[in-house]
Protein chains: 2
Amino acid sequence: MTSERLHFISGDHDHQRCMKDAITRAEELCLQQGQRFTALRRRVFSLVWRQHKPIGAYEILEELQRDGRAAPPTVYRALDFLLESGLIHRIASLNAYVACLQPEHRHEGQFFICTSCRAFAELDSSLITTAIEQNARESGFEVQRHTIEIMGLCPQCRLLKENA
Amino acid sequence: MTSERLHFISGDHDHQRCMKDAITRAEELCLQQGQRFTALRRRVFSLVWRQHKPIGAYEILEELQRDGRAAPPTVYRALDFLLESGLIHRIASLNAYVACLQPEHRHEGQFFICTSCRAFAELDSSLITTAIEQNARESGFEVQRHTIEIMGLCPQCRLLKENA
DNA sequence: CAGCATTATGTTATATTATAACATAACAGA
DNA sequence: TCTGTTATGTTATAATATAACATAATGCTG
Ligand SMILES: [Zn+2]
Ligand SMILES: [Zn+2]
Ligand SMILES: [Zn+2]
Ligand SMILES: [Zn+2]
């Protein structure tokens, strides 16, 4: 993500289309990387995509169980695959998972999550990473990875609050 | 913390003294805020302080169990108190807790944690928070709180690695 | 000091999140 | 087809955290 602007996906877009595109892109990406985008992985990926919101592993499990028997390792293995392929991210402070909006470009990202509606947006902001790098370098710390999760009100919910 | 420099506490200081001071400061802080720094809270606080490293709730529990019976709620309630008093912080990506080095000044902080020796340092860097605020504001997002956890090599471990 | 409300802790059970270990199945290349 | 590899199924359990209710300690008020 080269943009430094948060993009909260609104409720009124053609979500079927949006999801189908994402799946196609995921398929292509896996193909390029010599990885198998199996039926299970596709199913779990589409469940993560479904709402443009963080989803827990056990929520995913419940959905899988509608199709028949399923156990936690099934979900966690699929999630691990998707995480390693860069198709999803994990939100540590929520124990939840979100779909990556720019999987073609490997990144860790920074996550902005609405405490009211749970909408999320991700950035890969050089403004933020540079600030961190600078603080680290001044002290001789070598950054390997980061967890950056910002909670607050998305633009919609902020407006709702102000008008209330 | 007004400094923007990471301070990793080295192994060769007078830790007994350092811990005792921290406990005294914690006591005073609680007194000021009309809160009770009970024996249990003191014990848990000192366990979090003990190593200047993140510690898990169940590690604390094990220590308490050396003194007699103890169950998870005992630990979690003490931790909740210390968190709310600003005496410790929680590291979401590790499910662990660290002592706050500047409890007099309420803050969320940013945490730098060594993946090799688990040493940690905390900042309250305006460079970082300003970068986040700027990205948020551009998009109409209102920041409420953040989780910022940077993993990497502390100066000591970085030098060790380079000389290896 | 007694009585009472409030706060803190003890105790038991259980919820939630995640992984270990081993069996079976699907797949891909020779 | 044979075979090694990767993926999934299955059962059990680990690790983290909370709910609910009982008891105890504390501090205030009269
Ligand atoms: Zn992403
Ligand atoms: Zn919202
Ligand atoms: Zn702090
Ligand atoms: Zn280190």
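In what follows, chains carry the letters A, B, and so on, assigned in the order in which the sequence lines appear, proteins first and then strands, with residues in each chain numbered from 1.
B:Q16 is linked by a side chain to side chain donor-acceptor pair (under 3.5 Å) to nothing, counting only residues two or more places apart in sequence or in another chain.
For the pair A:R145 and A:E108, the salt-bridge criterion is not met [side-chain N within less than 4.0 Å of a carboxylate O].
Note on B:T74: a base of the nucleic acid sits closer than 4.0 angstrom, heavy atoms only. When heavy atoms are screened at a 4.0 angstrom cut-off, A:Y97 is found touching the sugar-phosphate backbone but no base atom.
Distance B:I55 CD1 to D:dA15 C1': 15 Å, rounded to the nearest Å. Protein atom CZ of B:R69 is 16 Å distant from nucleotide atom C1' of D:dA24, rounded to whole Å. A:E59 has its CD atom 12 Å from the C1' atom of C:dT16, to the nearest Å. Rounded to a whole Å, the CD atom of B:Q35 is 8 Å from the P atom of C:dA8. Rounded to a whole Å, the CD atom of B:Q33 is 16 Å from the P atom of C:dT7. Rounded to a whole Å, the CG atom of B:L82 is 10 Å from the P atom of C:dT9. The separation between B:L79 atom CG and D:dA15 atom P is 18 Å, rounded to whole Å. Taking atom CZ of B:R90 as the reference point, atom P of D:dT16 lies 10 Å away to the nearest angstrom.
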Anything under 3.5 Å between a donor and an acceptor, one on a side chain of residues 72-83 of chain A, the other on a protein residue two or more places apart or in another chain? List them.
none

What donor-acceptor contacts under 3.5 angstrom involve side-chain atoms of residues 62-69 of chain A, with partners at least two apart or in another chain?
from: A:Q65; atom 1: NE2; to: A:A70; atom 2: O; distance (Å): 3.0
from: A:D67; atom 1: OD2; to: A:R43; atom 2: NE; distance (Å): 2.8
from: A:D67; atom 1: OD2; to: A:R43; atom 2: NH2; distance (Å): 3.3

So if I define the base as every atom that isn't primed, P, OP1 or OP2, how would nucleotides 19-30 of chain C read as a B/S/- string at a heavy-atom cutoff under 4.0 Å? BBB-----S---
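Comparing C:dT12, C:dT9, D:dT10 by their nearest atom to the side chain of A:A71 picks out D:dT10.
Of all the residues in residues 110-119 of chain A, not one reaches under 4.0 Å from DNA chain D with any non-hydrogen atom.
Phosphate contact (OP1/OP2 of D:dA7, side-chain N/O of A:R41, threshold under 4.0 Å): present. Considering only side-chain N and O atoms, A:N95 lies under 4.0 angstrom from the phosphate OP1 or OP2 of C:dA18.
Side chains of A:Q110 and A:S125: a donor-acceptor N/O pair is absent below 3.5 angstrom, by distance only. Side chains of A:E122 and A:H89: a donor on one and an acceptor on the other come within 3.5 Å.
One N or O on the side chain of B:E149 and one on the backbone of B:A92 form a donor-acceptor pair closer than 3.5 Å.
Applying the side chain to side chain donor-acceptor pair (under 3.5 Å) test to residues at least two apart or on different chains, the pairs with a partner in residues 26-38 of chain A are A:E27-A:R42, A:Q35-A:S85.
Between A:F8 and B:F141, the angle of the ring planes stays under 30°, which puts this pair in the parallel group of the 30/60° scheme.
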